[in-house]
Amino acid sequence: MKNLYIVSLLFFLSISNGLGQTVSEGPFPQLIIRGVMLINGNGAPPRGPVDIVVENNKIAQIQVVGYPGVTINESKRPKLKKGGKELQCEGMYLMPGFIDMHGHIGGIAQGAEPDYVFKLWMAHGVTTVREPSGRGVDFALALKKKSEKNEIVAPRIFAYTGFGQVSNTFNPLNDAPISTPEMARQWIRANAKKGADGVKFFGAAPDIMAAALDENKKLGLRSACHHAQLDVAQWNVLHSARAGLTSMEHWYGLPEALFEDRTVQDYPLDYNYQNEQNRFEEAGKLWKQAAKPFSDHWNSVMNELIDLDFTLDPTFNIYEASRDLQRARRAEWHETYTLPSLWDFYQPSKISHGSYWHDWGTEQEVAWKENFKLWMTFINEYKNRGGRVTTGSDSGFIFQLYGFAYIRELELLREAGFHPLEVIRSATLNGAEALGMEDKIGSVSVGKLADFVIVAENPLKNLKVLYGTGAVKLTEDNEVVRVGGVKYTIKDGIVYDAKQLLADVKRMVDLEKQKSNYKILQPGIKQ
């Protein structure tokens with residue numbers, strides 16, 4: 001009865017939004033996915049056709065049912081039980097559900113509400129998201145509970161509270177800023193009691209960071225850190241990893257750990273951190289100030305981080321506009337899927353975070369191209385030596401759109417040197433390990449939860465087929481077509497029609513545009 005209620009609720013939501021089509025089915029007592037090519041997520045090569053049997057949200061059987069070019073012997077296939085559901089997926093490819101390790105659930109300034117964000121993620125196969133701080137722990141935990149019950153269309157959520165963040169119901173220090181190690185420990189204990197999955201740091205004084213990470217580790221919680229420039233001169237990635245931090249975000253703090261002939265970034269003497277043109281322009285020169293790739297110090301830092309079982313979550317995509325602004329702002333999905341309020345937020349601004357296009361040109365982009373080469377070299381070699389690299393998007397800033405940006409991150413990992421199978425492992429099993437959930441998600445194995453991505457085209461040959469807009473292809477008849485786009489996203493055994501989720505997002509955007517006859521225009525062009 002409870003499952004029937006969930007199905008009915010989701011169907012009602014689909015009807016009520018005007019689409020008139022079901023966006024989901026299930027969960028079912030038994031679900032059999034027929035005839036897929038399996039990309040397991042653990043680095044193994046594809047195999048198929050296989051039938052995958054799910055019973056009560058657990059993978060019960062993975063059955064090889066044939067060979068390429070040979071008719072499947074129906075007698076060898078798992079039998080459908082009464083009340084079960086078959087999904088005919090012959091010729092399609094199935095992977096574990098994707099894990100976005102850096103996903104903010106929208107933002108007030110961007111006008112991006114959870115329903116919009118969640119559907120974009122789910123339409124691109126993202127079934128699990130780690131939110132590294134956002135609108136507050138109460139906000140995130142309320143959505144997490146609804147997602148756990150499948151009361152909303154949403155990925156599984158891991159909530160990491162921003163260190164020192166307070167809310168109406170979470171204010172352990174009565175508005176006092178954290179200024180002592182004991183206050184740091186008190187806040188960490190309160191955060192754990194509140195039910196958060198971890199902590200997101202931005203840096204702090206060394207004694208406070210050491211105390212907070214020590215207490216967090218004692219409580220068994222995980223942690224992430226964006227080592228912001230305001231504290232990184234005192235406390236870089238190596239300090240954090242030694243103190244118990246489990247993952248770093250972006251790249252801040254890593255070049256600083258690699259410094260050999262300086263202790264601070266080579267800031268211009270008129271630099272102002274509050275001026276984001278300054279901040280991001282100078283950041284594009286930072287990797288050149290670090291030790292050279294494969295030098296003794298470079299190797300030493302890398303090997304120590306690997307020995308500490310430290311996770312790197314690079315989020316390449318969120319900085320890509322720095323090396324090619326025109327490409328990022330002309331991405332084809334903006335016209336259809338980017339909200340007017342979000343597009344406005346992206347425009348050059350001295351106030352909006354990440355809108356640092358005050359005077360951005362060729363020199364800045366050339367510097368950032370070199371920055372990317374050095375950064376990618378470190379990340380790829382870290383992976384080669386056995387270090388854990390995960391996939392995160394940090395969407396909602398700098399022309400990066402939820403869901404679409406996640407797929408772009410996969411492409412950038414490929415550019416860094418990852419084999420496509422290593423890219424998929426970064427997006428699945430590596431993320432599960434970083435979350436401590438590898439026994440439940442991250443690969444397609446008997447006993448794990450039924451989180452899958454199913455696409456009609458081979459993503460290993462072309463990751464672009466995972467974009468909601470698909471990939472361009474020319475047929476033998478000289479016809480230009482679009483292929484791909486995720487076909488089904490399955491989370492907790494519930495089957496979501498990914499293309500219907502995108503249609504729902506398009507309708508949201510269309511309605512917002514109609515209110516003011518809004519048109520997406522490039523910066524400086526008047527309507």
Side-chain angles (χ1 to χ4, degrees), residues 2-3 6 9-10 23-27 31 41 54 56-59 94-106 114-135 137-161 195-198 200 221-222 224 246-247 311 313 390-395 402-403 406 409 424 426-445 447-454 486 488-496 498 501:
K2 180 180 178 182
N3 290 347
I6 293 172
L9 174 62
L10 292 173
V23 298
S24 69
E25 293 183 277
L31 171 67
V54 174
N56 298 316
N57 191 27
K58 292 281 185 70
I59 300 171
L94 180 144
M95 297 165 284
F98 294 146
I99 299 171
D100 191 334
M101 288 291 287
H102 197 113
H104 296 291
I105 307 173
D115 189 41
Y116 169 79
V117 174
F118 289 155
K119 286 177 178 174
L120 280 169
W121 274 332
M122 294 281 282
H124 287 90
V126 175
T127 57
T128 300
V129 168
R130 180 184 68 166
E131 190 191 37
S133 81
R135 300 192 199 183
V137 64
D138 297 321
F139 180 82
L141 289 178
L143 291 168
K144 175 180 177 173
K145 290 175 183 177
K146 290 180 179 180
S147 175
E148 286 174 345
K149 297 176 182 178
N150 290 306
E151 295 174 349
I152 55 175
V153 177
R156 183 178 295 103
I157 298 168
F158 286 80
Y160 281 38
T161 315
D197 299 293
K200 162 74 175 296
L221 296 188
R222 294 173 187 256
T246 57
S247 70
T311 297
D313 187 45
T390 56
T391 305
S393 65
D394 196 16
S395 301
Y402 311 94
Y406 186 85
E409 185 70 10
I424 300 303
S426 171
T428 55
L429 186 58
N430 284 7
E433 289 174 350
L435 291 169
M437 288 287 289
E438 66 271 23
D439 60 331
K440 293 181 173 61
I441 58 176
S443 63
V444 182
S445 306
K448 289 194 175 185
L449 299 179
D451 282 16
F452 310 121
V453 185
I454 301 174
V486 172
Y488 300 113
T489 297
I490 299 176
K491 177 229 171 187
D492 285 336
I494 298 173
V495 181
Y496 293 88
L501 292 175

Can you measure from CG (L501) to OG1 (T489) and round to the nearest 0.5 angstrom?
7.0 Å
Distance, nearest 0.5 Å, that separates CD1 of I490 from CD of E25
10.5 Å
Distance-only, no hydrogens or angles: does the S24 side chain make a donor-acceptor pair with backbone N or O of V495 under 3.5 Å?
no
Quick one: does D100's side chain have a donor or acceptor within less than 3.5 Å of a partner on S393's backbone?
yes
Roughly how far apart are D313 CG and T391 OG1, rounded to 0.5 Å?
7.5 Å
For a quick test of reading the model, state the closest non-hydrogen atom pair linking I424 to G41 and the distance between them.
CG2-CA, 4.4 Å
Compare all side-chain heavy atoms of V453 with those of L94 and state whether any distance is below 4.5 angstrom.
no
Could you measure the distance from the OH atom of Y488 to the CD1 atom of I454? Nearest 0.5 Å is fine.
7.5 Å
Is the shortest side-chain heavy-atom distance between F452 and P96 below 4.5 Å?
no
Please set out all donor-acceptor pairs under 3.5 angstrom arising from side-chain atoms of residues 432-442, sequence neighbours excluded.
| unit_1 | atom_1 | unit_2 | atom_2 | d |
| --- | --- | --- | --- | --- |
| E433 | OE1 | R388 | NE | 3.3 |

Could you verify whether a donor N or O on one side chain and an acceptor N or O on the other, from S147 and K491, lie under 3.5 Å apart?
yes
For the student: nearest non-hydrogen atoms of G97 and T127, plus distance
CA-OG1, 3.2 Å
Could I get the full list of side chain to side chain contact (heavy atoms under 4.5 Å, CB included) partners for A224, not counting sequence neighbours?
R130, Y160, K200, S247, E249
Scanning both residues in full, the closest heavy-atom pair of P132 with G103 reads CD-N, 3.7 Å
Will you find, in the side chains of T390 and T311, an N or O donor that is under 3.5 Å from an N or O acceptor?
no
For H102 and E131, indicate whether the former's side chain and the latter's backbone hold a donor-acceptor pair under 3.5 Å.
no
What pairs with T428 under side chain to side chain donor-acceptor pair (under 3.5 Å), at least two apart in sequence or on another chain?
none
Begin with the C-alpha distance, continue with both residues' side-chain angles, and end with the deciding distance and a verdict on ring pair (Phe, Tyr, Trp, His ring centres under 6.0 Å) for F98 and Y406.
CA-CA 9 Å; F98 294 146; Y406 186 85; 5.7 Å; yes
Rounded to the nearest 0.5 Å, how far does CG of L143 lie from CD1 of I157?
5.0 Å
Check: K119 and V153 side chains under 4.5 Å, non-hydrogen atoms
yes
CD of E151 to NZ of K145, rounded to nearest 0.5 Å, is 11.0 Å
Taking the side chain as everything from C-beta on, heavy atoms only, tell me whether Y402 gets closer than 4.5 Å to Y116.
yes
Any side-chain heavy-atom pair from I105 and P114 closer than 4.5 angstrom?
yes
State whether the side chain of D451 and the backbone N or O of D492 hold a donor-acceptor pair below 3.5 Å, judged by distance alone.
yes
S395 side chain near H104 side chain, heavy-atom distance below 4.5 Å:
no
Can you give me the closest heavy-atom contact between P155 and F118, atom names plus distance?
CD-CD2, 3.6 Å
For side chain to side chain contact (heavy atoms under 4.5 Å, CB included), just list the numbers for V126 and I99, CA-CA rounded to whole Å, side-chain angles, deciding distance to a tenth of an Å, and then say yes or no.
CA-CA 6 Å; V126 175; I99 299 171; over 6 Å; no
Would you find a donor on one side and an acceptor on the other, under 3.5 Å apart, between the side chain of K448 and the backbone of K58?
no
Would you check if the side chain of D197 reaches a backbone N or O of A159 as a donor-acceptor pair within less than 3.5 Å?
yes
